[in-house]
2 protein chains.
Amino acid sequence: MTTKEEPPSRALATQLRAKIQRGDYAPGEKLPSERTLAAEYGIARNTAAEAVRLLAEEGLVTRQHGKGNFVRGEQALIRLGSDRYSPKYRESGLSPFLLECEKQGKVGRFEVLSVEKIRSPEWVADELGVENGSNVLERENVFWASDDPVYRVTTYVPWGIAKGSGLLRDEIPHKYGIHGIFEDKGYVMARIRESVKTRMPTPEEAEHLQLPSGVPVLEVVHTSLTAEQTAYEVTRFVMRGDMSGLLYNMPVE
Amino acid sequence: MTTKEEPPSRALATQLRAKIQRGDYAPGEKLPSERTLAAEYGIARNTAAEAVRLLAEEGLVTRQHGKGNFVRGEQALIRLGSDRYSPKYRESGLSPFLLECEKQGKVGRFEVLSVEKIRSPEWVADELGVENGSNVLERENVFWASDDPVYRVTTYVPWGIAKGSGLLRDEIPHKYGIHGIFEDKGYVMARIRESVKTRMPTPEEAEHLQLPSGVPVLEVVHTSLTAEQTAYEVTRFVMRGDMSGLLYNMPVE
DNA sequence: TAGTGGTCTAGACCACTGG
DNA sequence: CAGTGGTCTAGACCACTAT
């Protein structure tokens, strides 16, 4: 007996989970239909569906309306490394994100959703060390790996820095991108500060990132600092958890 | 109309979500009972329960058998910083984990679950740069913040390093803990490498960490390196997402 | 059109919590 | 004990996918 006295839906979930982990159902494979499972186990269809839902919440199974329930295959993670701002990527013209996508046979690209002047939310003001509610530039982007949206990214820059610069345009008019513009204005990245947490997506995020149930997001808040410890840019990444990860490599100080 | 043509369970979920976010139901507050909701909205109890379940999956609500459904309050995060291995914590005798707990009025402690000699799993061998299946020491711990288990931690050390050392004992016989022992043997931490990802907990992890549904975990794999880039220790953290986060602060190289 | 999941109903009984 | 969630049943109809 796997466990003692599990109710039918959980018992079925336990059996299916074991079969998945044992490889009886391979990644990508379709599970028996809920009606079939119900008949085989002598339970109501609702109860079989409940078992499948439990597995979906664990991230083991994806449910597809009209098609069936499928074993979720492990996705290769697109790892954003702590060296992603390193000058070494400059000349190649390739960003770490694009490199990672390529490594996996995908096509990376990003899309500008909006560029606006807004009043800073409190957490942005805190990170930037400016007054709460002061003007900041907000740029919103989506990063795609082939047809999957993987990151939802929002960048904030103090208005005093952004004003009159190429940052206001949709297409960044600089060979080295957004950070090229900062450097031209004298803001050279010396340190970065990043906070990481995880949570379930809001319904809105789930829609934007096309997330099935059972997939959390990583929320990363990145701050760029000059050698004088001046914060000149904050970026918030919302990353789909099943396709992304982080990699840090740093000295102990 | 919030959306068009939502089915009853989702419609109720949408309404409750709005009330929660608006503060009509405060954090910690009890929602109306499922039977009450069902009566008020003219739907079956199952349907009302389904709405609540949706909110639980999003992490907004915690369901408590026999008591009721409650709005989940934001937990203060225990942030493990990248400086947690910094020598500056040495003399104080306080670890960053304990400091964070204290800051929140909690009592931090940890418990040793097991200390064993095993054959290295593949990922451990890869991180340590040793042969797959070679002997390693495995130490398993749980970290508590007052009565909540927050991290499940497993450390691996090449057997050649661990053999005959204090690492084999349950209680580490060194004033500076496990890393004190490494240093005495000539392994001084010069760099760290950490990979971070998120996922839903396995049922086992959910039980160990006492996780309600709608709470993902952070999985961090930490590797300690000497100045010569020799990896001498790997640790895997499984952290409950609603109570923990990470904080990195590092130079751009 | 047939097959699959999405969802609902109405009623039932069990299991847990708290007085 | 009463109140609450946990779960099940049996049947129904809808919505989506594929042929």
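Given the structure is predicted, the values throughout are model-derived calculations rather than measurements.
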Starting at atom [atom1] of [X], determine the distance to atom [atom2] of [N], rounded to an integer number of angstrom.
X       : N      : atom1 : atom2 : answer
B:Glu34 : D:dG6  : CD    : P     : 6 Å
A:Arg63 : D:dC16 : CZ    : P     : 15 Å
A:Glu6  : C:dC14 : CD    : C1'   : 16 Å
A:Lys30 : C:dT4  : NZ    : C1'   : 7 Å
A:Gln64 : C:dG6  : CD    : P     : 10 Å

For this session: Go through the structure and list residues passing salt bridge (Lys or Arg N to Asp or Glu O under 4.0 Å) with A:Lys67, not counting sequence neighbours.
Result: none
Problem set entry | Contacts of A:Glu140 that satisfy salt bridge (Lys or Arg N to Asp or Glu O under 4.0 Å) - sequence neighbours left out | A:Arg152
Is there any protein nitrogen or oxygen under 3.5 Å from a nitrogen or oxygen in nucleotides 15-17 of chain C, and what are the pairs?
{"from": "C:dA15", "atom 1": "N3", "to": "B:His65", "atom 2": "NE2", "distance (Å)": "2.9"}

For this session: List for me each residue that meets side chain to side chain donor-acceptor pair (under 3.5 Å) alongside B:Gln210, sequence neighbours excluded, and say none if there are none.
Result: none
Seminar exercise, completed: Residue pair B:Leu31/A:Glu50 against DNA chain D: nearer the 5' end by closest nucleotide is B:Leu31
Exercise. Which angle, to the nearest 10 degrees, lies between the helix axes at the two ends of the helix from C:dT1-D:dA18 to C:dG18-D:dC1, each defined by five pairs?
Worked result: 20°
Atom pairs and distances, donor-acceptor, side-chain atoms in residues 109-119 of chain A, under 3.5 Å, two or more places apart:
{"from": "A:Glu111", "atom 1": "OE1", "to": "A:Trp144", "atom 2": "NE1", "distance (Å)": "2.8"}
{"from": "A:Arg119", "atom 1": "NH1", "to": "A:Gly133", "atom 2": "O", "distance (Å)": "3.1"}

Distances for protein N/O vs nucleotides 9-13 of chain D N/O pairs under 3.5 angstrom?
{"from": "D:dT9", "atom 1": "OP2", "to": "A:Ala44", "atom 2": "N", "distance (Å)": "2.9"}
{"from": "D:dT9", "atom 1": "OP2", "to": "A:Thr47", "atom 2": "OG1", "distance (Å)": "2.4"}
{"from": "D:dA10", "atom 1": "N6", "to": "A:Asn46", "atom 2": "ND2", "distance (Å)": "2.6"}

Ignoring hydrogens and angles, write down the donor-acceptor pairs under 3.5 Å from the side chains of residues 48-58 of chain A, residues two or more places apart or on other chains.
{"from": "A:Glu50", "atom 1": "OE1", "to": "B:Arg53", "atom 2": "NH1", "distance (Å)": "3.4"}
{"from": "A:Glu50", "atom 1": "OE1", "to": "B:Arg53", "atom 2": "NH2", "distance (Å)": "3.4"}
{"from": "A:Glu50", "atom 1": "OE2", "to": "B:Arg53", "atom 2": "NH1", "distance (Å)": "3.4"}
{"from": "A:Arg53", "atom 1": "NH1", "to": "B:Glu50", "atom 2": "OE1", "distance (Å)": "3.4"}
{"from": "A:Arg53", "atom 1": "NH1", "to": "B:Glu50", "atom 2": "OE2", "distance (Å)": "3.4"}
{"from": "A:Arg53", "atom 1": "NH2", "to": "B:Glu50", "atom 2": "OE1", "distance (Å)": "3.4"}
{"from": "A:Glu58", "atom 1": "OE1", "to": "A:Arg17", "atom 2": "NE", "distance (Å)": "2.9"}
{"from": "A:Glu58", "atom 1": "OE2", "to": "A:Arg17", "atom 2": "NH2", "distance (Å)": "2.8"}

Seminar exercise, completed: Side-chain atoms of B:Arg10 come closest, of D:dG5, D:dT7, C:dT7, to C:dT7
For this session: Determine, stepwise, if the pair B:Arg199 / B:Glu219 fulfils salt bridge (Lys or Arg N to Asp or Glu O under 4.0 Å).
Result: CA-CA 8 Å; B:Arg199 56 179 173 75; B:Glu219 186 177 320; 2.7 Å; yes
Problem set entry | Residues touching DNA chain D, which here means a heavy atom under 4.0 Å, drawn from residues 51-60 of chain A | none
Exercise. Strictly under 6.0 Å, is that where the ring centroids of A:Tyr151 and A:Phe97 end up?
Worked result: yes
Exercise. Is the backbone N or O of A:Val107 less than 3.5 Å from a side-chain atom of A:Ser146, with the two atoms forming a donor-acceptor pair by type?
Worked result: yes
Problem set entry | Polar side chain donor-acceptor pair, A:Gln15 to A:Tyr41, under 3.5 angstrom | yes
For this session: Return yes if a side-chain donor-acceptor contact under 3.5 Å exists between B:Thr155 and B:Glu138, otherwise no.
Result: no
Exercise. With A:Pro96, which residues qualify under side-chain contact (heavy atoms from CB on, under 4.5 Å), at least two apart?
Worked result: A:Arg84, A:Tyr89
For this session: List for me each residue that meets side-chain contact (heavy atoms from CB on, under 4.5 Å) alongside B:Asp147, sequence neighbours excluded, and say none if there are none.
Result: none
Exercise. Going by the salt bridge (Lys or Arg N to Asp or Glu O under 4.0 Å) test, which pairs reach into residues 35-47 of chain A, not counting sequence neighbours?
Worked result: A:Glu34-A:Arg45
